Structures are given as C-alpha cells and as structure tokens.
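Remarks on the structure that follows.
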2 protein chains.
Amino acid sequence: MRVTIRDVARAAGVSVTTVSRALNGAADVGEETRQRVIEVAKQLNYRPSHVARSLVLRKSQNIGLLVSEFRKGSHHFLYDVLVGVHDTLAEHGYDVTLVSTDTARQQLVSYVDFCRARGLDGVIVMGIRLDDPYVEEVVESSLPSVVIDLPLLSRHCGYVMTDNVNGARYAVRHLVARGCKRIGFVNGAAHAAVSRERLRGFEEAMRQYVGGYDERVVVYADFTLEGGQRALADLLRRHPDVDGVFFASDLMAIGGLQYCKEEGIRVPQDLAVVGFDDIDLARFVSPQLTTVAQPRYEMGCEAASMLISMLQKGEMPSGTLLPPQLVVRETA
Amino acid sequence: MRVTIRDVARAAGVSVTTVSRALNGAADVGEETRQRVIEVAKQLNYRPSHVARSLVLRKSQNIGLLVSEFRKGSHHFLYDVLVGVHDTLAEHGYDVTLVSTDTARQQLVSYVDFCRARGLDGVIVMGIRLDDPYVEEVVESSLPSVVIDLPLLSRHCGYVMTDNVNGARYAVRHLVARGCKRIGFVNGAAHAAVSRERLRGFEEAMRQYVGGYDERVVVYADFTLEGGQRALADLLRRHPDVDGVFFASDLMAIGGLQYCKEEGIRVPQDLAVVGFDDIDLARFVSPQLTTVAQPRYEMGCEAASMLISMLQKGEMPSGTLLPPQLVVRETA
DNA sequence: CTGTTAGCGCTTTCAG
DNA sequence: CTGAAAGCGCTAACAG
C-alpha cells in the first residue's frame, strides 16, 4: 500500500476524516469538498486498505469456503458449487478464502478459531459428513454459516440442499413408467445426509408407485465407481430378477454400467439404470446415462445469498431445498 | 475476536510486548515467562488477529488466485491446479483468496490495484490469454506473481507450464510408431500460448520422425468438443488420406471421436487419435482416448512453491516446465 | 460542514 | 530480560 488516506487528505487540503467521509458517501460533507476529494483520490490512484478497514470495522468482507475432501479429482460436485459461491459473493463485494478442513485439523485448532483468527465474516461449508466432529461446532458457533448438502439449522447456521427425496422419487417413477417390475437401489455412504434422504424418497416412491417397499433390494456403496460396480454385482447376485436400478450417484451408476458391459447385460433392455448428479461424464458414457440432475451452480449461489442476507440484513438462516431434474438419456 | 493480546498480557501479569515476543519465539524472553505466557494464552484460547498483524507487518500471508474463465463447467483443467495451489500454500501458512478477472474488470480497477487493496502478498494467475490486457500488468507490476500456462518472465513474475513442445512430440512419435502415414493436427485457439508450443512440437516432430512438415494438415479450433468435431470434419474433407490426428485437447479429441462415430470411421483402424490433457472423460469415452497427460496438480504445487520462494527467500522467479506423459489407451 | 482525538490488535524500536 | 510508546491505515464519536 503506497498511497494512504493521509496522502489524499494532504493533497486535497482536508483532514483524513473528511476524506473517509467523502469517499464512503457520508451525508455530512460539502458537495464541492466531496468532489475535490474524489478527484484527488482518483488522481493519486488511491485504494483504501481492506486490512486497515477490517481492523477498525471488525468485519472483513471476506467469507471462508470450508471444504473437506478438497482433493485432486473430487471436482464432480464441488467445482460448480464453488463457482456459484464465488460469483454471488463477488457480486456483493465479498472475497472468498479457501479453507480446507485438513488445514485446520493439522493446526489442531477448531474451525471456528481458524475462521475467527482470519476475521472471516461467515463461512460456507461443503463436503462435510454427518459424523464429522466439525458438525457440532458449525451448528453451535455464532459464526454465521451455511452448509451445503447437510440439513443443519440453528440460530447462526442455515443450509442448502437439493430436494433429494423428490429426486429419488423422480428416478423411481421414471423406472416404473418404463415398465420395470423389480427396482433396486444402490445408495451412497450411510454417513452422508443425502443418502438418508434419497433412501426416504426411494422408499416413499416404491410404496406409492409400486405398492410396496422391500429393503432387501437396497445396497450401500461409497459413491465411487468401483463401489457402484461391486454393489450392482452384489445386488444382482442376490436378486437376479431386478430389472431397474437407481444409483445414488452418477459415478456409481457408471460403475454399474461397466459391470453390465462385462457381464453382457444389456442396458436398458435387461436392466434400466438411473443415476444422480448429472456430472459431465453422464453424457459421454455409452449408453448415455439417464440421471437426476442437481443444480450445483445454483446451490452455490443460493448458499452465498443466504449468508449475505444473514450478514447484511440480520435475517434468520433457513433450510432451502432446490429442485432436481430428471434428465432422460439412454439408460432408462 | 474476543480475547486479545492485552487480555493475555493482563492475565499473565506482563506487558503486551512480552506476550508478543513470547508467542512469536523471540530470543530475548525469560524461559519461565515464555512458558507462563504460552500457558495463559492456551487457557484463554487466544488467537492472534491476522488482520491486525497484517496491518503492522505489511504482509497478509494471503495469496490471490486469479482466474479468468472462472465459470461453470470449466473445471477440466482448473480444479486440480487449484487444489495443488491450495495444498502447497496452506502447508506453508498462506491463505488463498479467489479472484476472478471478471470481478476486477467489473470494478474497473487494474488487477494490481485490486490485489494491493486486499494486501495480497502475491498472485497465481491461471487461464489468462496472450491477448489479455492484464498480461502486461502482470509482467510489469512489482507484485510477485506466477503464471500458469503462459511464459511470462520478468523481475517479479515467473511461470509454470507443461512442456508442451515435448508433449506434442510424444503424440506424433506414437502415431508414427503405430504406422500412421499422414498425420494431421487440430490445434487449439491461436491466442493461447500453449497452442503455439504444441504447434512447434508438432512441426519439429514431423520433420524428425516423418521427414517433413506440411502446414496444410494443421487446423485450428477453440479447445471445445464442438470445435474439435467441426475441425476434424474440415480436415478430413480436405485431406481424406489423413490416418492419424493429434488434437491439442481431449475435449476436441472427443468431439473428433463423435464425428468418427457418426461418419462410420473406425478408430483406431481407419483413423488413430491422440488427445492432450488426460481429463477424466478420456478413460470413459469409447474407444478410450490415448492422450498426453498434463500434471495438473503438480503444476499448482510448483507455482505455489515458486511464489513462496520469491516471497520468503527473495529468489528470482523462473520459468518451469513440467514433463507431460503419454497415456496409451485405445484410440492410438 | 469539518477537524481533533481515540482507538481497532498487533509488532517493534528504544530505554531501562 | 522486560516495558513504554509509537504507529500500521482507517473509521467514528465528539466537539466546534
């Protein structure tokens, strides 16, 4: 920071207070003075120091983006959300600082302390699991936060998720409409909140559209391709009559597709497949994957908007569900 | 920030100066005093304010990650780099602030001013183009910076790239070894620095391995799938004898593959295809794409390391080339 | 309408 | 070895 507010004050022949007021649009400044100050500031290419301002105002206009599982190759879901968060926050004059839970953990500090030390005004949390010790902290802390994909609601903590229940319903309904008689479900990790909701949607839809829910056709995997592959093998071994499967993630569904290819199972003729997420890959695998799309970018935007409302208007946090959308391609 | 250095000082019965020294490992503090201070600080759960420290030290331990083209769906290259940058920086105690060129542009401020206002210690730039007006600023500014995928070198600006020349050479050599007689090249956007280098590699390799370079088999597209599709159609129309094609990006190569499928061209029998990047998709398209892999994560790490060396040891910036690697799959 | 005065929380001379 | 004092750049009472 070369040129400071004092330089401007000196050059304009006024006090620093006046410069501050003029530049920040305070009402009590003479119009001619204001113009002069603005002119001089521009001339000098003056940029107020965010750091100094943060110190005195006690807010930094800086939001933390806390990511667990922030690692190579995990972009399928994270990236678009991140862009949405960034875009919305930037639009409102906030900066975004990347924070990974690993970093905080390594330094053995609580995530709240970590954010407080940096003077972050709020946090958006993504990729965190139900059983993560940070969950409790996030909920109880008074640091304004919005969580993505985990229904945590408290005085200072809101959340944004896809409507997973309905997403799962759409999948089942579509499978039924296609004529599937016996529908299986490959769910994701049990400790993920989204898995519970997708299971609920699956169960409800089965009761409604098929007239009954049989938990034996539900099997669990870990959201990965290999997991999906194994899970499907397992499911079909135990229930060879299954003619339609709903996977709780596209990656798992693609794993399932690979299994089908190896085993000579024709998709969708022998087995109809529906995924969840609509990642890029979905359009490129063959046959193309029918799936339930999540509005990833919009989730990021929504999370950011909510946090901004909390920060600026003191609004209460809330739980927001965004609508998923069935994208019909070739596998079902 | 609730508890400040004064609280610690008071509780420990010493001055703030002493607390500061004790906590920062200064030599001239009595050992017992230091222990007491540390103990009290822990008791009070004291966290020094980064903001206050930044103000007085005139450095923020915060690095900007300047991204142009920071938008939905552009993750194929960016994400892993970003993770690499974050990991390395975090490891060395730096925070990462996301900055998109759009944001700066909207506010009509130069990128340097933008970073200075935020007190950023340095910047890592990615996704910027040769003809971007910011390029000049980056090179001339005294703000330490490292650019990814653009060879900009100056007193305060270094760069990290894949060795694109050799990457292209590997592709051509492989195509030749497979028996291709007439090799075409679908290059990326001309304003991208990487395109120039890949072209050079292509040219050199053709002269070396084939004994001649014919610029008529070089066609340009824009790195996108659709672009690659059109470019290949164009290339084959004009040169039906082409039996091997090197694409400057996987996305374009995949577009080319789609064109082949539509036209009934068998890959690799009728036409061998090699891409560049090794994005996730490469393994999933059918036939699987043979490609030149870029070490994306490592590029991010390397860029971060270079910046840290500049910042901490005052080292001169440099140009670093990272080795690409040919990944042979099914298309060539 | 404008300037003076006090800090925000921290580090750092400079004296003891 | 320790503390008092000054100040990083900015804003906000409080007086004029």
Side-chain angles (χ1 to χ4, degrees), chain A residues 1-38 40-41 44-62 93 95 113-121, chain B residues 1-38 40-41 44-62 93 95 113-121:
Chain A
M1 298 283 40
R2 215 75 43 83
V3 28
T4 78
I5 197 172
R6 306 177 84 106
D7 300 319
V8 178
R10 199 151 27 217
V14 296
S15 72
V16 295
T17 312
T18 302
V19 174
S20 175
R21 282 196 284 237
L23 262 27
N24 290 319
D28 54 354
V29 182
E31 198 42 39
E32 50 173 340
T33 315
R34 156 167 286 131
Q35 288 311 326
R36 183 153 38 94
V37 170
I38 290 177
V40 170
L44 267 42
N45 193 30
Y46 167 67
R47 307 284 163 200
S49 156
H50 286 215
V51 172
R53 186 179 274 168
S54 298
L55 183 59
V56 57
L57 293 184
R58 289 124 157 278
K59 45 187 191 139
S60 60
Q61 292 288 104
N62 200 170
D95 289 339
D113 286 341
F114 191 89
C115 295
R116 281 239 152 72
R118 285 158 179 72
L120 300 178
D121 294 341
Chain B
M1 298 280 44
R2 215 75 42 86
V3 31
T4 79
I5 196 172
R6 308 177 83 106
D7 300 318
V8 178
R10 200 152 23 215
V14 296
S15 72
V16 294
T17 313
T18 301
V19 175
S20 176
R21 282 197 284 240
L23 261 27
N24 291 319
D28 53 353
V29 182
E31 197 44 39
E32 50 173 340
T33 312
R34 153 166 290 131
Q35 287 312 327
R36 182 153 37 93
V37 170
I38 290 177
V40 170
L44 268 41
N45 193 29
Y46 167 66
R47 308 285 164 200
S49 155
H50 286 218
V51 171
R53 187 180 272 165
S54 297
L55 183 59
V56 56
L57 293 183
R58 287 120 160 280
K59 44 187 191 138
S60 60
Q61 292 287 104
N62 197 172
D95 288 338
D113 287 340
F114 190 90
C115 295
R116 281 236 153 73
R118 285 157 180 70
L120 300 177
D121 294 341

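Worth saying up front: this structure is predicted, and the values here are computed from it rather than measured. Lettering follows sequence order; numbering is per chain, from 1.
Stacking of R116(B) on the aromatic ring of F114(B) is not recorded, the 6.0 Å distance cut-off and the 45° axial limit not both being met.
The base of dG3(D) is paired with the side chain of R21(B) by a donor and an acceptor separated by under 3.5 Å. Contact annotation: side chain of T17(B) to base of dT11(C), donor-acceptor pair absent below 3.5 Å. For R58(A) against dG9(C), a side-chain-to-base donor-acceptor contact under 3.5 Å is absent. A donor and an acceptor atom never sit less than 3.5 Å apart when one is taken from the side chain of S20(A) and the other from the base of dA12(D).
Of the N and O atoms on the side chains of T17(A) and S20(A), not one donor lies less than 3.5 Å from an acceptor on the other residue.
Mapping V16(B) and D28(B) onto DNA chain D via the closest heavy atom, the residue that lands nearer the 5' end is D28(B).
You'll find that the side chain of L57(B) is closest to dT12(C), out of dC10(D), dT12(C), dC10(C). Side chain of S49(B), nearest nucleotide from dC10(C), dT2(C), dC10(D): dC10(C). Among the nucleotides dG3(D), dG9(D), dT11(D), the one closest to the side chain of R53(A) is dT11(D).
Rounded to whole angstrom, the span from the CD atom of Q35(A) across to the P atom of dT2(C) amounts to 12 Å. At whole-Å resolution of the value, CZ in R2(A) and C1' in dC8(D) are 15 Å apart. What separates NZ of K59(A) from P of dC10(D) is a distance of 17 Å, to the nearest Å. Distance CG (L44(A)) to C1' (dG9(D)): 15 Å, rounded to an integer number of Å. dG9(D) atom P lies 15 Å from atom NE2 of H50(A), rounded to whole Å. In this structure, CZ of R10(A) is placed 19 Å from P of dT2(C), rounded to the nearest angstrom. Rounded to an integer number of Å, the gap from CZ of R6(A) to P of dC10(D) is 10 Å. What separates CZ of R116(A) from P of dC10(C) is a distance of 14 Å, to the nearest Å.
At a threshold of 4.0 Å, the pair D113(B)-R47(A) counts as salt-bridged, since one of the basic side-chain nitrogens sits closer than that to a carboxylate oxygen. Salt bridge annotation for R10(B)-D7(B): present, with a cationic side-chain nitrogen under 4.0 angstrom from a carboxylate oxygen.
Among the atoms of the strands shown, only primed sugar atoms or phosphate atoms (P, OP1, OP2) are found under 4.0 Å from some heavy atom of V14(B). Contacts of L55(B) with the nucleic acid, taken as non-hydrogen atoms under 4.0 Å apart, include base atoms. Residue S54(B) is classed as having no contact, given no heavy-atom separation below 4.0 Å to the nucleic acid. Here V56(B) lies in heavy-atom contact (under 4.0 Å) with a base.
Within 6.0 Å of atom CD in E31(A), more than 12 heavy atoms from other residues, nucleotides or ligands are found, so the atom counts as buried in its surroundings.
T33(A) has a side-chain polar atom (N or O) that falls below the 4.0 Å cut-off from OP1 or OP2 of dT2(C). Within the 4.0 Å cut-off from OP1 or OP2 of dG3(C), at least one side-chain nitrogen or oxygen of S15(A) is found.
At least one donor-acceptor pair under 3.5 Å links the side chain of D121(A) to the backbone N or O of S60(A).
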